[in-house]
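Single-structure report; data block below.
Just so you know, these numbers use all the heavy atoms, side chains as well, and skip hydrogens, waters and symmetry mates. All figures in this text were calculated on a predicted structure; none of them were measured in a lab. Each ligand, and each atom within it, is numbered from 1 in the order the structure gives.
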Amino acid sequence: MIQITMPLNFLGTVYREIRQALIDMAQMFGLLSQPAEVRDRPDAKPLHVPHGVVEFRNVTFGYEPERPILKGISLTVPAGGTLALVGPSGAGKSTVGRLLFRFYDVQGGSVRIDGQDIRDVTQDSLHAQIGVVPQDTVLFNDTIRYNIAYGRPDADITQIEDAARAARIHDFIVSLPQGYDTQVGERGLKLSGGEKQRVGIARTLLKDPPILLLDEATSALDTETEQDIQTALRRLGAGRTTLVIAHRLSTIADADEIAVLEDGRIVERGSHAALLARQGRYAALWYRQDAEEAA
Ligand code: ADP
Ligand code: MG
């Protein structure tokens with residue numbers, strides 16, 4: 001009996017983690033299912049992430065062979081650093097995220113994590129090392145406690161509460177009559193977009209992955225929620241390698257590097273200050289968004 005249940009429990013945990021990551025990714029990138037063509041190699045090894053350096057080396061990719069989407073992208077996110085991708089809609093930003101998660105294989109070049117080509121590692125191990133925070137976290141029809149602990153069911157209540165505190169959602173939770181036992185989701189309490197996102201951040205804090213893929217909210221939240229979320233995201237990102245797909249430039253000004261993607265090419269890169277001084281594409285996007293937010 002023990003021989004049977006132990007591996008099943010183990011598979012259960014891994015399965016939950018992968019399922020959660022896949023649901024978040026699907027939600028984040030508008031994918032309904034994992035494309036079938038990506039398979040583990042027979043000799044695939046587990047990914048090892050001692051540092052967390054993420055690298056795109058001269059990556060080319062298209063969903064259809066006759067229509068290239070990424071036309072030779074090179075990016076490095078240093079260990080524990082933050083790289084923000086910005087650019088107009090349709091430029092290929094989400095595609096970069098999909099390739100990091102290996103929803104598709106590159107057609108040229110490679111995606112590497114700590115030097116390992118992600119085509120050479122198992123997808124389970126890859127997905128386990130990447131935390132995804134989409135702008136609209138999927139909640140299960142269960143308690144808040146379950147929703148935060150999802151992907152790490154062995155977490156105790158202290159760990160769950162610590163994660164919720166760091167994600168700036170603990171005070172809200174304890175203000176509810178049922179606290180952490182409140183039922184949420186379609187058949188329970190409906191949470192606002194900002195609350196759901198903070199539950200997602202708490203969930204990812206518990207998962208504790210070395211690499212993060214963030215999709216920022218496109219629409220403006222109220223100022224207080226926005227500040228809470230920015231605080232929560234900064235805590236989550238501390239010490240983790242972070243790739244942010246940014247829509248609102250005001251939130252990424254302190255990224256280590258910002259890359260501007262246009263029509264599948266990186267047309268500018270640098271710090272916020274350097275890019276503003278350059279008076280190029282990024283500066284134009286920045287001043288336009290500033291004017292829009294003021295209006
Ligand atoms: P961004 O995130 O910068 O708005 P995307 O990476 O989502 O851009 O999309 C880049 C281009 O790839 C767009 O022209 C889009 O229509 C196309 N595209 C995205 N997903 C698919 C898909 N599954 N099949 C075919 N084309 C796609
Ligand atoms: Mg996108």
For R98, the atoms of ligand 1 under 4.0 Å from one of its heavy atoms are 19 (C), 20 (N)
Here the atoms of ligand 1 under 4.0 Å from any heavy atom belonging to S89 are 4 (O)
Closest to atom 10 (C) of ligand 1 (heavy atoms only, candidates G62, G90, P68) is G90
For T95, the atoms of ligand 1 under 4.0 Å from one of its heavy atoms are 5 (P), 6 (O), 9 (O), 10 (C)
Checking the N or O distance criterion of under 3.5 Å, is ligand 1 in contact with E64?
no
From the list L206, T143, T204, side-chain contact (heavy atoms from CB on, under 4.5 Å) partner of I148 resolves to L206
Residue set satisfying salt bridge (Lys or Arg N to Asp or Glu O under 4.0 Å) with E195, at least two apart, ordered chain then number -> none
By side-chain hydrogen bond (donor to acceptor under 3.5 Å, both in side chains), E55 pairs with (sequence neighbours left out) R57
Between R41 and the options D105, D120, D117, the salt bridge (Lys or Arg N to Asp or Glu O under 4.0 Å) test singles out D120
P88 heavy atoms within 4.0 Å reach ligand 1 at atoms 3 (O)
Worksheet item: Is the distance between the Mg ion (ligand 2) and the nearest N/O/S atom of S94 smaller than 2.8 Å?
Response: yes
The residue among V38, V132, I118 that forms side-chain contact (heavy atoms from CB on, under 4.5 Å) with F101 is V132
Should the pair D171-R165 be classified as a salt bridge under the 4.0 Å nitrogen-to-oxygen rule?
no
Near K93 (heavy-atom distance under 4.0 Å), the atoms of ligand 1 are 1 (P), 2 (O), 3 (O), 4 (O), 6 (O), 8 (O)
inquiry  = Check R152 with D208, please: is the shortest side-chain N to carboxylate O separation under 4.0 Å?
reply    = no
Taking only non-hydrogen atoms of I69 and a 4.0 Å limit, the atoms of ligand 1 in range are 10 (C), 11 (C), 12 (O)
Below 4.0 Å from ligand 1: does a non-hydrogen atom of G87 turn up there or not?
no
